[in-house]
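To start, the structure under review is shown below, and the notes come after it.
Chain identifiers are assigned alphabetically (A, B, ...) following the order of the sequence lines, protein sequences preceding nucleic acid strands; residue numbering begins at 1 within each chain.
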Amino acid sequence: MPELPEVEIVRRGLAPAMEGAVFSSVETRRPDLRFPLPQKFRDRLQGTRVDALRRRGKYLIADLGSGESLIMHLGMTGRFTVSKAAGTVRPGDFYRADPGDPAHDHVSFVMRKRRLESRIDYNDPRRFGFMDLERTNGLDNSRHLAGMGPEPLGPDFTPQSLNAALSGRSAPIKAALLDQAVVAGLGNIYVCEALFRAKISPRRQAYNVSAAKSALLHETIREVLAEAIEAGGSTLRDFAASDGAPGFFQDRFQVYGREKEPCPSCGAPIGRLVQSGRSTFYCGKCQR
DNA sequence: CGATTAACCTGGAAGC
DNA sequence: TGCTTCCAGGTTAATC
């Protein structure tokens, strides 16, 4: 579920509980998620302060006072929920909207900032998510972040940089945009939406996207991501902000999940095809 | 080297 | 109702 907008919504929800707070308790209920949890995971977190919680593509990164960073990825079904810690709550305060299946609460943190305690639960049924610890220094070259493309909402993502990244590639533009090395943070939904807005066929080979179309695509990528963040992300099945609130951008999808419905631009039925094993939704008439 | 596919894992929806 | 099959927001190791 989580592409860049959803991860950004999660970051904004976790930041008040995590930034400036210390891990007072770390509980793991299994040794691994997608990968084994790092060695001495609890020891390296407990008592450590979080200086900042940031996002890089679909990754969440908590920079710690210890000189390490906690890297978190939500995979497909990862979800963080923030609630007040047991013990500090008053009766009726312990409200956790839609907690999901507790069988999949794999990691829990208790964060303490002065006298305020927050409980953070990580729930992930499919366990495609992971957590890792790396030195903050040189993090951009760590195994998870090395080779990652520019942040689409940042200054390094320009019409020229996108055009250059696409120029050497013969893969379909759909596949190229899913490659995190081209631009960070896009997933299946927002690639479909951005290509529709730019009226580019998902089948077109990346190097055949003209400079003018690259510039338009650059604009539609930023536009669709910014609008999605503004709407609180997209909730298809199980995405929710860390306070349990759903997103609303799914109501504004123009093509994603709308096979056979009329194209909002020309009225022709929306098509679906499978590219690199994933569904692509598009308008065969508008997108060339 | 770049591109495509299979696999990781579970749950929900659709089909029979 | 119950069983089977298909599909899902992501990444990556293996194969072409």
Side-chain angles (χ1 to χ4, degrees), chain A residues 1-11 29-36 55-60 71-80 98-106 122-132 142-149 152 165-194 202-208 224-225 228-229 231-241 246-253 255-260 272-281:
Chain A
M1 45 177 156
E3 301 182 34
L4 186 152
E6 290 74 35
V7 177
E8 177 59 23
I9 293 301
V10 170
R11 190 197 67 77
R29 297 184 189 80
R30 51 178 303 133
D32 59 337
L33 295 170
R34 178 182 182 85
F35 308 116
R55 180 189 56 70
R56 176 79 172 98
K58 300 170 193 169
Y59 292 83
L60 285 169
I71 303 172
M72 298 168 278
H73 196 289
L74 304 174
M76 293 274 261
T77 52
R79 177 160 160 176
F80 281 103
D98 186 14
D101 186 344
H104 301 300
D105 278 344
H106 305 307
Y122 180 70
N123 182 284
D124 188 355
R126 289 174 77 180
R127 297 202 304 279
F128 285 173
F130 62 84
M131 296 188 191
D132 203 359
S142 68
R143 64 186 171 121
H144 299 301
L145 305 185
M148 203 171 225
L166 298 179
S167 64
R169 294 174 175 259
S170 60
I173 182 67
K174 164 76 187 305
L177 292 178
L178 285 174
D179 185 340
Q180 304 296 295
V182 170
V183 55
L186 291 179
N188 207 31
I189 292 176
Y190 298 108
V191 165
C192 290
E193 294 296 315
R203 292 180 149 122
R204 180 173 289 273
Q205 290 183 292
Y207 65 67
N208 272 332
V224 75
L225 293 176
I229 292 171
S234 302
T235 296
L236 293 190
R237 267 166 285 280
D238 38 25
F239 169 73
F248 295 101
F249 193 72
Q250 67 280 4
D251 299 335
R252 284 157 59 188
F253 290 167
V255 289
Y256 186 86
R258 297 195 179 280
E259 185 183 11
K260 293 176 182 160
R272 184 178 83 93
L273 59 90
V274 175
Q275 294 178 290
S276 38
R278 339 255 330 246
S279 288
T280 300
F281 298 90

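- Contact annotation for A:G277: no contact, since no heavy-atom pair falls under 4.0 Å across all strands.
- Annotation: A:F128 is not in aromatic contact with A:H73 [ring centroid separation under 6.0 Å not met].
- Separating the CG atom of A:D132 from the P atom of C:dG10 is a distance of 20 Å, rounded to the nearest angstrom.
- Taking atom P on both nucleotides, B:dC9 is separated from C:dA14 by 15 Å, rounded to a whole Å.
- Among the protein residues, A:P5 comes within range of no part of the nucleic acid, since none of its heavy atoms lies under 4.0 Å from any strand.
- Spacing of C1' atoms, B:dA3 relative to C:dG9, comes out at 23 Å, to the nearest Å.
- Remark: C1' of C:dC6 and CZ of A:R272 are 10 Å apart, rounded to the nearest angstrom.
- In this structure, a donor-acceptor pair under 3.5 Å is present between the side chains of A:Q275 and A:T280.
- Note on A:T77: every side-chain N or O is 4.0 Å or more away from OP1 and OP2 of B:dC9.
- Nucleotide C:dA8 is matched to B:dT10 when pairs are restricted to Watson-Crick or G-U wobble geometry with both distances under 3.5 angstrom.
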Mark up nucleotides 11-16 of chain C, 5' to 3', with B wherever a protein heavy atom is under 4.0 angstrom from a base atom, S wherever such an atom reaches only the sugar-phosphate, and - elsewhere. BS----
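- Residue A:R126 has no polar side-chain atom (N or O) positioned under 4.0 Å from OP1 or OP2 of C:dA8.
- As a whole-Å value, the separation of A:R79 CZ from B:dG11 C1' is 14 Å.
- The distance from atom CG of A:L177 to atom P of B:dA3 is 13 Å, rounded to the nearest whole Å.
- In this structure, the side chain of A:D32 does not engage the main chain of A:R34 through any donor-acceptor pair within 3.5 Å.
- Put simply, CD on A:E193 is 13 Å from P on C:dG9, counting in whole angstrom units.
- Between A:F80 and A:Y122, the ring planes are tilted. Angles from 30° to 60° get that label.
- Judged by ring centres under 5.5 Å apart and planes tilted less than 30 degrees, A:F128 stacks against the six-membered base ring of C:dG10.
- Across all strands shown, A:Y256 has heavy atoms under 4.0 Å from sugar-phosphate atoms exclusively, and none from any base.
- The A:S170 side chain lies nearest to B:dA3 when the options are C:dG9, B:dA3, B:dC9.
- Across C:dT11 and B:dC1, the matching P atoms stand 23 Å from one another, rounded to whole Å.
- Put simply, the side chain of A:E193 reaches to within 4.5 Å of the side chain of A:F253, judged on heavy atoms.
- A donor-acceptor contact closer than 3.5 angstrom links the side chains of A:D132 and A:H144.
- Minimum atom distance to the side chain of A:A175 is reached by B:dT4, of the listed B:dT4, C:dG9, B:dA3.
- Atom pair A:R169:CZ and B:dG2:P shows a separation of 8 Å (rounding to whole Å applied).
- In this model, the phosphate group of B:dA3 is not approached by any side-chain N or O of A:S276 to a distance below 4.0 Å at OP1 or OP2.
- Proximity note for A:P125 (side chain, C-beta onward) versus B:dT4, C:dC7, B:dG11: the nearest is B:dG11.
- Distance CG (A:L273) to C1' (C:dC7): 16 Å, rounded to an integer number of Å.
- For the residue pair A:R126 / A:T77, no side-chain donor-acceptor distance below 3.5 Å is found, with atom types taken as modelled.
- Of all nucleotides listed (B:dT4, B:dG11, C:dG9), B:dG11 comes nearest to the side chain of A:H104.
- The distance between atom CG of A:D124 and atom C1' of B:dC8, rounded to the nearest whole Å, is 12 Å.
- Of the candidate nucleotides C:dA8, B:dT10, C:dG9, B:dT10 has the atom lying nearest to any side-chain atom of A:R127.
- A:Y190 and A:E6 share a donor-acceptor pair across their side chains, judged by distance under 3.5 Å alone.
- Side-chain contact between A:F239 and A:R79 is absent, with no heavy atoms from C-beta onward closer than 4.5 Å.
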